[in-house]
J.: 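Take a look at this one; I'll ask things after.
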Amino acid sequence: MEEQEIWKNVLGDIELQISKPNFLTWLKNSQMVGLNRKDGVVMVGLPNNFAKEWVKSRYHKLILTSIRNLDGSIKNVDYVVVSSVHQNPENKKISSQQQNNTPQSSLIDVKVDSKTNLNPKYTFANYIVGSSNELATAASQAIVKSIGKKYNPLFIYGGVGLGKTHLLQATGNEIMNRYKNAVSVLYISSEKFINDVVWALRNRRTDDMKKKYRDVDVLIIDDIQFIGGKAATEQEFFYTFNTLYENNKQIIISSDRPPTAIPTLEERLRSRFEGGMIADITYPDYEMRLAILKTKAQNQSIFIEDAILEQIASKVQRNIRELEGVFNKVVFYEQYKNQKIDGKKLDEIIGEAIQITPKNITAGDIVRIVAEFFEVPVTDMTTKSRKQEIVEPRQIAMFLMRDILKLSFPHIGEKLGKRDHTTAIHACEKISQEITQNPAFNQKIMLIRERLYKM
Ligand code: ADP
Ligand code: MG
């Protein structure tokens with residue numbers, strides 16, 4: 001069944017199941033903006049963020065059931081804001097055409113400039129700078145002023161949701177604003193780069209591809225870690241890199257880890273990366289998290305009590321994307337459902353937003369990952385050993401078992417060398433106290449969590 005047909009049918013189906021005003025308000029202006037057959041994901045476009053949140057929270061189940069009745073191969077539905085839903089009735093046609101003609105199967109975000117792949121929503125103006133991203137931001141801004149000369153390549157690395165894409169995109173946008181058409185910028189995720197290379201090789205169109213990548217003044221590649229280990233792509237990237245580099249073109253790269261920690265990366269690429277500037281983005285501290293929240297509220301002219309923002313900033317620590325997610329939900333409840341948010345409700349929202357804990361983490365995984373992190377033998381973790389270098393990792397493992405798996409104290413004590421439950425209680429208290437008092441320690445715990453979640 002055609003995409004348009006599917007969505008028409010879904011709407012017809014849902015119209016029968018919800019009230020007319022609700023249907024008109026929330027769903028009439030929706031459209032299907034993409035179908036990723038490979039992953040079985042349908043993208044549904046809605047005219048604004050609130051419609052998106054609303055439909056997602058209230059009608060997702062209905063939509064999913066209905067759509068799966070029509071096409072069993074569809075596994076999930078995702079929602080995006082498509083600002084030009086009404087103005088551009090051709091939208092659908094364009095996007096499905098593009099999908100057929102270009103190698104990537106990714107879904108089209110209509111606001112993104114099709115030539116540069118830059119999304120105007122990412123700017124320096126709405127990028128908060130703090131100690132965690134100071135260096136990376138300064139380096140990026142220096143590049144805007146002297147393209148290709150100062151830091152080349154610029155390699156930015158940091159964990160998920162900490163602002164790498166935002167910074168890369170803001171840099172691209174700033175360059176476009178400043179130099180207009182005198183400079184050409186191309187932003188690309190490494191996944192898309194890989195797809196392009198594979199597609200070009202398969203279709204014997206490598207010349208087109210080379211031209212596309214080697215003709216730009218600024219090439220921005222996001223999440224380069226995915227390139228590691230893909231020989232043809234790495235080689236193509238290496239040539240592209242050299243061509244650009246020799247012609248004093250600017251290259252900006254992001255990754256979730258430093259070049260030395262991408263084990264599958266070819267040595268010659270690694271040394272190229274290390275020849276430029278390397279800057280990391282680490283976890284934002286409390287002040288910065290609060291500043292991000294306050295700026296968001298201000299930019300959207302939304303009033304949320306400081307006490308609420310402070311609570312969010314103190315509880316959501318790991319990732320700015322999650323911070324935004326919680327903020328949006330709070331706004332949604334307060335403004336659209338007129339529901340006052342109290343501490344309990346906020347915890348609930350936070351719990352929902354931070355659902356990235358995979359369900360299959362086991363106590364054994366925690367012990368192993370913590371041991372690996374501190375480079376101590378796993379076996380020492382679960383013995384009675386009181387060696388100093390093992391005491392803290394063991395306490396951290398106890399804390400994480402409690403925090404992530406909600407295991408009982410006796411159970412935790414049992415798992416880590418048949419210890420008494422009071423030992424487990426003491427460990428959890430000590431670690432949580434240390435986390436609030438010592439930022440460097442907190443950072444360590446978050447790195448461990450990240451390894452666990454990424455397992
Ligand atoms: P990454 O690419 O590192 O995974 P993103 O750049 O996608 O992270 O950031 C996640 C979200 O957090 C985005 O919506 C981004 O706009 C926002 N964000 C990240 N860092 C900042 C910052 N310093 N100030 C304001 N918003 C930020
Ligand atoms: Mg990113």
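We count ligands from 1, going down the list as the structure has it; atoms in each ligand are counted the same way.
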J.: Considering only heavy atoms from C-beta outward, does the side chain of Ile147 approach that of Val183 to under 4.5 Å?
T.: yes
J.: Indicate the ring-plane relationship of Phe193 and Phe237, choosing parallel, tilted or perpendicular according to the 30° and 60° boundaries.
T.: perpendicular
J.: Looking at Asp208 and Lys211, does any basic side-chain N land under 4.0 Å from a carboxylate oxygen?
T.: no
J.: Evaluate the side-chain proximity of Ile302 to Lys296: yes if any heavy-atom separation is below 4.5 Å, no if none is.
T.: no
J.: Return the protein residues near ligand 1 (heavy atom under 4.0 Å from any of its atoms), ordered by chain and residue number.
T.: Tyr122, Asn126, Tyr127, Ile128, Asn133, Gly159, Val160, Gly161, Leu162, Gly163, Lys164, Thr165, His166, Met288, Ile292, Ile320, Arg321, Glu324
J.: May I ask you to check whether Asp256 and Tyr157 show a side-chain donor-acceptor distance below 3.5 Å?
T.: no
J.: For Asp223 and Ser189, test the side chains for any donor-to-acceptor distance below 3.5 angstrom and give the result as yes or no.
T.: no
J.: Evaluate the side-chain proximity of Leu162 to Val160: yes if any heavy-atom separation is below 4.5 Å, no if none is.
T.: no
J.: Using 30° and 60° as the class limits, which term best fits the ring planes of Tyr127 and Phe124: parallel, tilted or perpendicular?
T.: perpendicular
J.: Within a radius of less than 6.0 Å around CD of Glu267, do more than 12 heavy atoms belonging to other residues, nucleotides or ligands occur?
T.: yes
J.: Which protein N, O or S atoms sit under 2.8 Å from the Mg ion (ligand 2)?
T.: Thr165 OG1
